Amino acid sequence: MLPALILALAALGASALRLWSYRVQMLEMARVLEETPAESNLRLAVRMSGAAPRRLCQAVNQRLEEGRRLRQEALSREQDLKYTMACISHDIRTPLAGAMGYLELLEGEPERQGEYLGIVRKRLGELEALLEELFLYTRLQGGSLPLECGEVAALPPLWEALAEFYPQLEAAGAAPELRFDREDMTVWASPEALGRVYRNLIANALCHGGGGLAVSGGEGEICFCNELLPGPRPDPEHLFDRFYQSSPARAKGGAGLGLSIVWELMEQMGGRVSARITGDTLEIRLVFLGWPEGDARSAFRGVFIL
């Protein structure tokens, strides 16, 4: 009887010691959680044996990691919002300040009314185009601009876009060089979205290019090439980023959304767009749904020479 009692007391003592150890560890974990800053990369460690304590520790660590991820995402969104607001404020203020300045000049020099009003109209036109870009980009990001795609002729929207920019192209001395495998080539796209992609790429070449524009294509692929201006080179890896401008001074104007809109439209049409710089030439390549990139490039190689 006595040995059994001794064994029972020993087991009870071991259980009490284990419970005390659990309590000490739990209190230590609580203290660490209370004293450690929320932004810390803290991970709890467990010294207790058994599956239950390890499972509890893993669950707490997972929640800590999820909390860190959510805080990082919130911080990133906050920084992105601040950057967005700064860019929008700068880009809206520039044409608006120009228009206001010439209106003030108009009050003092009424004899130059025609000249100043023309400049004011130009500045307000720039502001309208900028706001329209912002509105379109916001709709694309929010998914409120569904595109109806189908097999469409690739070149008629291009001819229309080139005709729309003819005065600017002529003034810049940038007569476009065009070369295509077939005049009746088709792509999977939305006609309206495809036209917008073309117009944005032409506008980008006019605004940021150094003269000359070449457009060429093969099966399922269209390529825009233009020479670059002297000075800072754009980074092809970030060329389609929102508000990206190769010059930190943003001297060229615009919201830096033209190529971002191209990216969004191509993605929503199931295609891809990429950029690369070879020497002094920027090449922007559109690849449409249904043609593997390797096949498209092999079909394209040798078709176009700048």
Side-chain angles (χ1 to χ4, degrees), residues 76-77 79-81 83-88 91 129-150 152 154 157-158 161 164-165 187-209 213-218 220-226 228 232-248 250 252-278 281-294 296-297 300:
S76 178
R77 285 195 296 269
Q79 292 173 341
D80 186 59
L81 178 60
Y83 176 67
T84 298
M85 296 305 296
C87 291
I88 291 175
D91 294 323
L130 187 149
L131 292 174
E132 195 273 334
E133 271 197 346
L134 288 170
F135 180 64
L136 174 59
Y137 184 80
T138 301
R139 292 186 66 192
L140 288 170
Q141 284 282 291
S144 61
L145 189 65
L147 303 180
E148 295 184 5
C149 297
V152 299
L158 176 61
E164 181 179 328
F165 282 92
V187 295
W188 183 267
S190 158
E192 296 79 13
L194 183 61
R196 182 58 186 253
V197 167
Y198 290 154
R199 291 195 298 274
N200 282 17
L201 292 177
I202 296 169
N204 181 75
L206 283 168
C207 186
H208 303 285
L213 172 65
V215 188
S216 57
E221 181 173 306
I222 295 175
C223 184
F224 284 70
C225 292
N226 63 267
L228 292 168
R233 287 287 191 264
D235 183 352
E237 294 294 324
H238 298 285
L239 199 59
F240 302 99
D241 291 355
R242 179 180 51 177
F243 301 120
Y244 174 78
Q245 303 231 7
S246 58
S247 170
R250 303 175 66 86
K252 282 290 184 178
L257 287 175
L259 294 183
S260 299
I261 290 173
V262 169
W263 176 279
E264 292 290 336
L265 290 173
M266 289 299 295
E267 286 284 307
Q268 293 198 26
M269 292 189 293
R272 301 186 301 279
V273 58
S274 61
R276 69 177 181 180
I277 294 175
T278 305
T281 300
L282 171 65
E283 175 187 292
I284 296 180
R285 188 182 301 268
L286 309 173
V287 179
F288 294 87
L289 180 69
W291 290 272
E293 186 174 1
R297 289 185 175 181
F300 179 81

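Model, not experiment: these values are computed from the prediction.
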Could you go step by step and tell me if Ile202 and Phe224 meet the side chain to side chain contact (heavy atoms under 4.5 Å, CB included) rule? CA-CA 8 Å; Ile202 296 169; Phe224 284 70; 4.0 Å; yes
Evaluate Arg272 against Arg285 for side chain to side chain contact (heavy atoms under 4.5 Å, CB included), listing each step before the verdict. CA-CA 8 Å; Arg272 301 186 301 279; Arg285 188 182 301 268; over 6 Å; no
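Tested against Leu259 for a side chain to side chain contact (heavy atoms under 4.5 Å, CB included), the candidates Ile284, Asn200, Asp241 yield a single pass: Ile284.
The heavy-atom pair separating Tyr198 from Ile222 by the smallest distance is OH-CD1, 3.0 Å. Closest non-hydrogen pair, Met266 versus Val273, comes out as CG-CB, 4.2 Å.
With a 4.5 Å cut-off on side-chain heavy atoms, Leu194 and Glu192 do not count as touching. With contacts defined as side-chain heavy-atom distances shorter than 4.5 Å, the pair Asn226/Thr281 does not qualify. Side-chain contact check for Val262 versus Leu286: some heavy-atom pair is nearer than 4.5 Å.
Atom OG of residue Ser216 and atom CD of residue Glu283 lie 7.5 Å apart, to the nearest 0.5 angstrom. To the nearest 0.5 Å, the span separating SG on Cys223 from CG on Leu201 amounts to 10.0 Å. Note that CG of Leu282 and CG of Leu239 are 6.0 Å apart. Values are rounded to the nearest 0.5 Å.
Between the side chain of Ser190 and the backbone N or O of Leu147, no donor-acceptor pair lies under 3.5 Å.
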